[in-house]
Amino acid sequence: MDTTSELVGQRVADVYLRECASRSVLQLLANKWTFLVLGALADGPQRFGVLLRRADGITQKSLTQTLRGLERDGLLSRTVYPTIPPRVEYELTDLGRSVGGLIGQINVWAEANLSSVVAAREEYDVHVGEEPRPVTR
């Protein structure tokens, strides 16, 4: 199978298989800007400037690319209102909303476990470079 459309035609998707087209969806969701934009849009339709401020640290170029990709993948819709200047809003589609719950849960987990992860990193960093500890039985 050489094309994505041929892979999509498979009955069983398995992200652990290198050639499975579902990996492209996993890669899309694993992108931090995609993740943050989808999370921000869970609150409802947003304009570009609001998304730019909400996803602190993203550049205009990266946000534009992320929004175009999400629209292409069917996760959000873009509505242009006929005003001067034109007003544009981005909103999750049904498909985008279906992943929103997962993003919300991951956000809650990340915030709730931040101190544990930081403590584990600090403990690990203290032991890096030390001789391995013998296993005692």
[X]: what forms a side chain to side chain donor-acceptor pair (under 3.5 Å) with it, not counting sequence neighbours?
X: T59; value: S62
X: D43; value: R54
X: S22; value: none

Pairs of donor and acceptor atoms involving the side chains of residues 26-38, under 3.5 Å and at least two apart or interchain, shall be tabulated with distances.
from, atom 1, to, atom 2, distance (Å)
N31, OD1, W33, N, 2.8
N31, OD1, T34, N, 2.9

Q | Side chain to side chain, L52 and Q60, heavy atoms closer than 4.5 Å | A |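 Yes, at least one pair of side-chain atoms sits under 4.5 Å.
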Q: Can you tell me which residue pairs pass the side chain to side chain donor-acceptor pair (under 3.5 Å) test with a partner in residues 114-128, sequence neighbours excluded?
A: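 Only H127-E130, H127-R133 qualify under side chain to side chain donor-acceptor pair (under 3.5 Å).
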In residues 79-104, what donor-acceptor pairs under 3.5 Å come from side-chain atoms, sequence neighbours left out?
from, atom 1, to, atom 2, distance (Å)
Y81, OH, E89, OE1, 3.3
T83, OG1, P85, O, 2.7
T83, OG1, R87, N, 3.3
T93, OG1, G74, O, 2.6
T93, OG1, L75, O, 3.3
T93, OG1, L95, N, 3.4
T93, OG1, G96, N, 3.2
D94, OD1, R97, NH2, 2.4
R97, NH1, L92, O, 2.6
S98, OG, L95, O, 2.5

Q.
Can you list, by chain and residue number, the hydrophobic cluster partners of L114 when the side-chain cut-off is 4.5 Å?
A.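 Result for L114 is V118.
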Q. Tell me, which pairs form a salt bridge (charged side-chain N to carboxylate O under 4.0 Å, His left out) where one or both residues lie in residues 107-118, sequence neighbours left out?
A. none
Q | Pairs flagged by salt bridge (charged side-chain N to carboxylate O under 4.0 Å, His left out) wherever residues 60-70 is involved - sequence neighbours left out | A | none
(Q) V108: which residues meet the side-chain contact (heavy atoms from CB on, under 4.5 Å) condition with it, sequence neighbours left out? (A)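 Testing V108 for side-chain contact (heavy atoms from CB on, under 4.5 Å), a comparison that skips the adjacent residues, returns none.
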Q) Which atom names give the shortest non-hydrogen contact between V15 and R23, and what distance separates them? A)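 Looks like O-NE, 2.6 Å.
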Q. Hey, mind stepping through L51 and L41 against side chain to side chain contact (heavy atoms under 4.5 Å, CB included) and telling me if it holds?
A. CA-CA 8 Å; L51 291 170; L41 288 172; 3.9 Å; yes
